[in-house]
Amino acid sequence: MSISTNEQFRKKVDRANKTARIIISFGGYGVIISIIFILLFLMYQSLPLSFSVSIKEMLSFSYDKPDKRIIAIGLDQYQEVYYVLNDKGYVEFYRLSDKVLLLRDSVGLNKDEKILSISKGDYLKDRFAVGTNSGRIIQAEIRMLPEYGKQDRTIVPHFKVKDIYQAEIPTDSIPAHIEELVFRQNDDYDFYVWINHAQELMLRITDDYDEYRKDLTEFLGESKLTKLEMDYNAEKLIAGTISGELFWFDISDPEEVYLKDNWKVSDTPVSSLAFLIGSNTIIIGNTDGQVTGYFPTRTLDNVFRFMPVYSFDTHAAAVEQIYISPRNRTFLTIDSHGKAHLNYSTTNQTQIEFKPFDNTVQAGAIAPKSDGIILIDSKNQIGHYKLEDEHPEATLQTLFGKVWYEGYEKPEFVWQSTGGSDEFEPKFSLIPLIFGTLKGTLYAMLFSIPLALLAAIYVSQFSPKWLSSVIKPTVEIMAALPSVVIGFLAGLYFSPIFEENLMAIFLVSIVVPVVSLFGIMGWRLVPEVQRMRMPLGWELILTFALFIISVWLSFSLADTIENLFFAGNIKQWLYDAWNINYDQRNSLVVGFALGFAVIPIIFTISEDALSNVPDSLTSASLALGASRWQTVYRVVIPAAAGGIFAAVMLGLGRAIGETMIVLMATGNTPILDLSPFNGFRAMSACIAVEIPEAPVGGTLYRILFLTAFLLFIFTFLINSIAARISDKLRKKYARF
Amino acid sequence: MKKMSYFKKKGDSYIIFTATGLILSLAMVVLIMTIILVKGLGFFWPSDLVQVKLQDGKAYLGEQWAESTKHEFDTDGNRITHEEIQFKIGNRDLYGLDFIWLSRNEIEKMEKPKNAFSFERLGYGNFYGFIKSLNIGDKQFNYLDEQSNNAVEAAHDKAVKNRHEIKELENDINKLNTPLVNLQREISLLQLKENKTPEEQNELEKLQKEEQAVTDKINPEYQKLSKKLESIYLENQNIFLNLLTADNREKKLLLADVVRIYRPNDFNVLEKSWIYVKKFYEFVADEPRESNTEGGVFPAIFGTVMMVLLMSIAVVPFGILAAIYLNEYAKQGAIIRMIRLSVNNLAGVPSIVYGIFGLGFFVYALGGTIDQLFFSSTLPEPTFGTGGILWASLTLALLTLPVVIVATEEGILAVPRANKEGALALGSTRWQMVRKIVLPNAMPGILTGLILAISRGAGEVAPLMITGVVKLAPSLPLDASFPFLHLDRKFMHLGFHIYDVGFQSPNVEAAKPMVYTTALLLIVIVVLLNILAIYIRNRLRKKYKTSVF
């Protein structure tokens, strides 16, 4: 009995021992797992940014009426229904999944009348207009709206003719063709521009009451027109010619339409034109296969001109069609051989090339959510493609390089993640953020390193024992001060004071060293014997007095000096003389606040390192007749260099990652300017400000994860370097 | 010349230079602490009311807040200096602004009238003015003298009592109605359903009958309560003051809307101190008012404490396990080096990185999965798939892990080797040794780690603001409704309160004093915790020293 109890007990103990070992080991490995997991998770979240574009063919089938010439095709936002419009004016809506005809309607053409040209009114609105061979322009509406049942969603197509206009009147001898047509609608007017059979460029602007009709042919000279395009706000009309020349008409005022500019793109005829969303960038395709992008910027002579900004991979044949994405700056160019390129304008990249059919492409469209493409070829073969391109705006080039964004005068580093409208193009350059982080760190380190190291040297080497026993806990408490409090004080208390007493602050930084110097000179006059007799810590009393004197001096002199040398207002003077703007929340304030947060770290670690220098070394030095300072300078500091270096690195790591202080004490403007008198936006603050608003899985979300990943790597490297170097130096001096 | 170089060589002067570094650093700490102390503690002191008459006939009554000297240039380029005084004139409903800057030159007269009153109201900030008359019911008493003060005070007490009673009655009525409301919700759910089965139809009828029964049952009580409520409400509507502002505008003020009335100019230091104490108590124990710019910070204190507790529950066991593994189990080698490297780096990773990790992993990945598994009925409204106290605590637990590990290690290292080896030699297993020798002796170290982690957690803001802290939480994460501890709720936090009120408040100027006080509170908490940790650690070190010899 007793044996078995003993046995049981032993088993129990063993079991407990084994379980404990497993659990405790798990705790130990847990630390490694955590940090690796954090790293991997950050990577995993930011990785989709670099995924390349893919186009996957979903369906390929033939439209069952091979004799009809299709001139337009389109998809609804869920890619469940498509429509086709043929040149006889019939429009048919089909369900993609089973090709069931949902609705068939007609534009209402007469016998023998055919559609020659078509223009979609906008990339999101559902109006379009067609021009026929009997001079009529018919405006109609195609809508495919979802209707929600209890469980499901059905797409209900609508079609309606809105307006019919006899643009050209045919006679027996002369036909009235609408060869090319562009139609737009804004809040005030409907705009129609067309080229008729006689190569005349006609413009009609109309609303319910007025109608302006104008013949623009006179502006064109001898040029023969090929294509027309207008931006979606209906302000810029662009006409392309056979000689590769483009004409830009300003039509923002219907009563005063004029030719604003014309320029030559190429020697070959312009074969296709399309404005991207945002209504600024125009994509131009030529018969030699060139694809270029232009947008208007202010030139040197202060005039807006279309400038060549983008150029994409050249097609082997004439660029026949351009289809734009209604969501972003993606567009599809298709040449006369039927080869398609998918491009993204901002990144200046042709992302993918593919050849959908054996024949030439007749019509196509990019789905409203930019996640699909539908194309139809000349043999009425329809292809439906899934487009996977979630983050086209983020490439290495846009994240880290200069990008020429729409409306800018030159390529720049810009961070501007959100804007007012759907047309706004987010700008994701990480450079201003990284720059901001480094700038904040730089000023913080400039402020904190000297102070912390000097203080550490004094406390570890020269101060009396009782003083260090008071100072060390004080500094530890200083380290524990929540950064939100420091940031709040810097942002709301110190920044107005700095602004008001800028002169005095400048003076303090000059006067304090000068006065100390004088103090030192004065001290020299005291006989050495007397000096040696002073108790430990006398320096403190002296410097304290000097400090008070210099601060008092600075503040009382500030006004006079400002009046004498800086015309009474140093801020104004800075602006007048150096063109320096003074922001209230600026890098000086941040340097001060962030420096305050970093001082305890540098101080504590370097003080430890300095104190740990073996007594044998200092005693030997002193015994050999070196003075206190000589000992410190020649023996202690070299011996503790590793620890001091580690201290600085760790302080650096803290400054890089600090969030609340930079968030509250800077204006958070992402600018690239090293001036201490303006703010910046740091990576950490940017994450804190923008991540709550970023849609999960969106580009901004992933870029912010990438930013966090970079921060992680920065600090990881800094910490590891600090650890390595301090280890090395510790070993070097360990022999003493 | 020789003397000079000798002096330089000896370099005593450089010592002065190093001392300057120390003085500057210390001066900064003292400066910051003083600012916070003065501004934070001064906020509750009832300052005197100054009546200002301007040359153009305007008059204001308010507290003097600040003075400043401005330099400007006139058209001839001469420098003019003029002094300005900032007054808090309150009466936001009348003036639109709380603060006004007045130039000394415009001021004709400044005085402190004895009968000037300061009213702290539930809405629209303070009111400064004079009492003309007091209305109770249909009776009106003109304000005359000391006696009237007592009458006003009594009426105020009555109104406040009534206000509390109204709140209680409303609660009672709600409680009374709860079963009925529940029934009605079930009924409406059933009614909404199309194609009801016969059972459901029966159920519906049964519920409707029940509803009728419950209504009949509670009706008399309900009538009684609501009548009482109405009468008290009416009574309170008729207890009000007719006030006069400094510029003789009239204003009617319901006493039920007043938190506190006092005449600072007539009060002595003792009376003022009493108001100070009451205000301080309100600050610590009450809910915030007026978008956090007035009232108290109790929910923020509560939220901070709850979060820190949850964090400790998560981080302490993990930290202790890791520390024990490092010191008692792991063999010297690559693994231990990697763990140490990880701990070092965990300590160095910026807090915002933990925040974004917490948001991506805990909130969206974990929380989203939990929602889909257990709370799919309420989707797309997230339960755990949005920031909450649990996720914030776990994020901070990760952040404070190195602190706990390092402090615990220090505690473990302090346990004398002889004790441990003795235990092993006597035949105990490793676990027995750890449990009986290491852990009890390392307790001070563990405690230090816990305290330091708490202090770090209480002061951290950046990771919290993206994982579950809000400016105003509708309810506390711990309350009387099932399941009592609501881990999914958002919460308030002192540190975030500082950021939010100081930087995102619509009325920053009026909110500033509140922020200083909150900052002071936070600093006091953090500093006390740190002092405690330092004290415990020092004792531990002493013990360690004695055990060596």
Side-chain angles (χ1 to χ4, degrees), chain A residues 13 16-17 20 24-25 27-28 30-32 34-35 38 41 45 451 454-455 457-459 462 473-474 476-478 480 482 484-485 488-489 492-493 516 520 524 539-540 542-544 547 568 596 599 627 629-630 653 657 659-660 664 684 687-688 691-692 696 705 708 711-712 715-716 719 723, chain B residues 7 10-16 18-25 28-29 32 35 79 318 321-322 324-326 329-330 338-339 342-346 348-353 356-357 359-361 364 429-431 455 459 461-462 465-466 495 498-499 502-503 515 519 522-523 526-527 530 534:
Chain A
V13 167
N17 192 27
I24 290 173
S25 309
V31 181
I32 308 182
S34 313
I35 196 156
I38 291 176
F41 187 80
Q45 289 290 323
L451 282 189
L454 289 177
I457 292 170
Y458 183 78
V459 170
F462 305 123
T474 313
E476 235 167 289
I477 284 163
M478 183 175 167
V484 68
V485 174
F488 153 72
L489 278 181
L492 288 185
Y493 186 83
S516 327
I520 291 165
R524 194 166 62 90
E539 307 96 345
L540 266 194
L542 180 68
T543 36
F544 188 69
F547 177 69
F596 182 83
I599 284 177
S627 74
W629 175 253
Q630 284 167 327
T659 311
M660 292 318 283
M664 294 160 98
S684 53
I687 297 176
I691 193 81
V696 181
F705 267 91
L711 267 182
F712 187 106
T715 44
F716 190 93
N719 282 323
Chain B
F7 183 79
K10 287 204 76 174
D12 276 7
S13 49
Y14 297 110
I15 298 175
I16 297 183
T18 60
T20 313
L22 181 66
I23 289 284
L24 269 172
S25 309
M28 267 161 48
V29 182
I32 283 181
I35 292 166
R79 222 161 96 108
F318 191 9
L321 286 183
I324 294 178
Y325 180 77
L326 273 175
Y329 281 83
M338 265 186 74
I339 295 180
S342 304
V343 173
N344 270 341
N345 277 302
L346 272 178
V349 170
S351 58
I352 189 70
V353 174
I356 199 169
F357 170 76
L359 179 79
F361 180 68
Y364 292 137
T429 61
R430 191 159 281 272
W431 168 236
S455 126
V461 177
M465 59 196 265
I466 56 182
I498 295 172
Y499 169 66
F503 285 80
V515 187
L522 185 60
I523 288 184
V526 169
V527 167
N530 271 280
I534 292 171

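Because the structure is predicted, anything quoted here is derived from the model rather than measured. Numbers restart at 1 for each chain; the letters A, B, ... are given by sequence-line order, proteins then strands.
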Best-contacting candidate, B:Ile523, B:Ile534, B:Ile352, against chain A by heavy atom pairs under 4.5 angstrom: B:Ile352
If you tally heavy-atom pairs under 4.5 Å between each of B:Ala19, B:Gly348, B:Ala330, B:Gly459 and chain A, the highest tally belongs to B:Ala19
Over all atoms of both residues, closest heavy-atom pair of A:Ala20 and B:Trp431: CB-CD2, 3.3 Å
Does A:Tyr493 have any ring pair (Phe, Tyr, Trp, His ring centres under 6.0 Å) partners at least two apart in sequence or in another chain, and if so, which? none
Is chain A contacted by the side chain of B:Ala462, its backbone, both, or neither, given a heavy-atom distance below 4.5 Å? both
Rounded at 0.5 Å granularity, tell me how far CZ in A:Phe596 sits from CD1 in B:Ile32. 3.5 Å
Quick check on B:Val526 against chain A: is it the side chain, the backbone, both or neither that has a heavy atom closer than 4.5 Å? side chain
In Å, rounded to the nearest 0.5 Å, how long is the span from CD1 of B:Ile23 to CZ of A:Phe544? 6.0 Å
Any side-chain heavy atom of A:Thr715 within less than 4.5 Å of one from B:Pro350? yes
Is it the backbone or the side chain of A:Ser34 that comes under 4.5 Å from a heavy atom of chain B, or both, or neither? side chain
Any side-chain heavy-atom pair of B:Thr20 and A:Leu454 under 4.5 Å: no
Winner by heavy-atom pair count (cut-off under 4.5 Å) against chain A, out of B:Leu346, B:Val527, B:Ile324, B:Leu359: B:Leu346
Take A:Gln45 and B:Ile356 through the test side chain to side chain contact (heavy atoms under 4.5 Å, CB included) and record every step on the way to the result. CA-CA 11 Å; A:Gln45 289 290 323; B:Ile356 199 169; over 6 Å; no
Under a 4.5 Å cutoff for heavy-atom pairs, which residue among B:Ser351, B:Gly360, B:Ser455 has the most contacts with chain A? B:Gly360
I would like to know whether A:Leu492 and B:Phe503 meet side chain to side chain contact (heavy atoms under 4.5 Å, CB included); could you show each step before the answer? CA-CA 8 Å; A:Leu492 288 185; B:Phe503 285 80; 4.0 Å; yes
Within the structure provided, determine whether A:Val31 and B:Val343 are in side-chain contact (heavy-atom separation under 4.5 Å). yes
Taking the side chain as everything from C-beta on, heavy atoms only, tell me whether B:Val349 gets closer than 4.5 Å to A:Ile38. no
B:Asn530 portion near chain A, given a 4.5 angstrom heavy-atom threshold: side chain
From the list B:Gly502, B:Ser25, B:Gly495, B:Gly21, the residue making the most non-hydrogen contacts under 4.5 Å with chain A is B:Gly21
Go through the atoms of B:Tyr364 and report whether side chain, backbone, both or neither lie under 4.5 Å from a heavy atom of chain A. side chain
Between CE of B:Met28 and CD1 of A:Ile599, what distance do you get to the nearest 0.5 Å? 4.0 Å
Considering only heavy atoms and a distance below 4.5 Å, find which of A:Pro692, A:Ser684, A:Ala723 pairs most often with chain B. A:Ser684
As an exercise, state the distance from CE of A:Met664 to CD1 of B:Ile498, rounded to the nearest 0.5 Å. 7.0 Å
Taking the side chain as every heavy atom from C-beta outward, state whether A:Phe547 and B:Leu24 have any atom pair closer than 4.5 Å. yes
Between B:Val353, B:Asn345, B:Val29, B:Leu321, which has the largest tally of heavy atom pairs under 4.5 Å with chain A? B:Asn345
Going by heavy atoms in the side chains, are A:Val484 and B:Leu522 under 4.5 Å from each other? yes
Side chain, backbone, both or neither of A:Phe41 within contact of chain B (heavy atoms, under 4.5 Å): side chain
Please state whether the side chain, the backbone, both or neither of A:Ile32 comes within less than 4.5 Å of a heavy atom of chain B. both
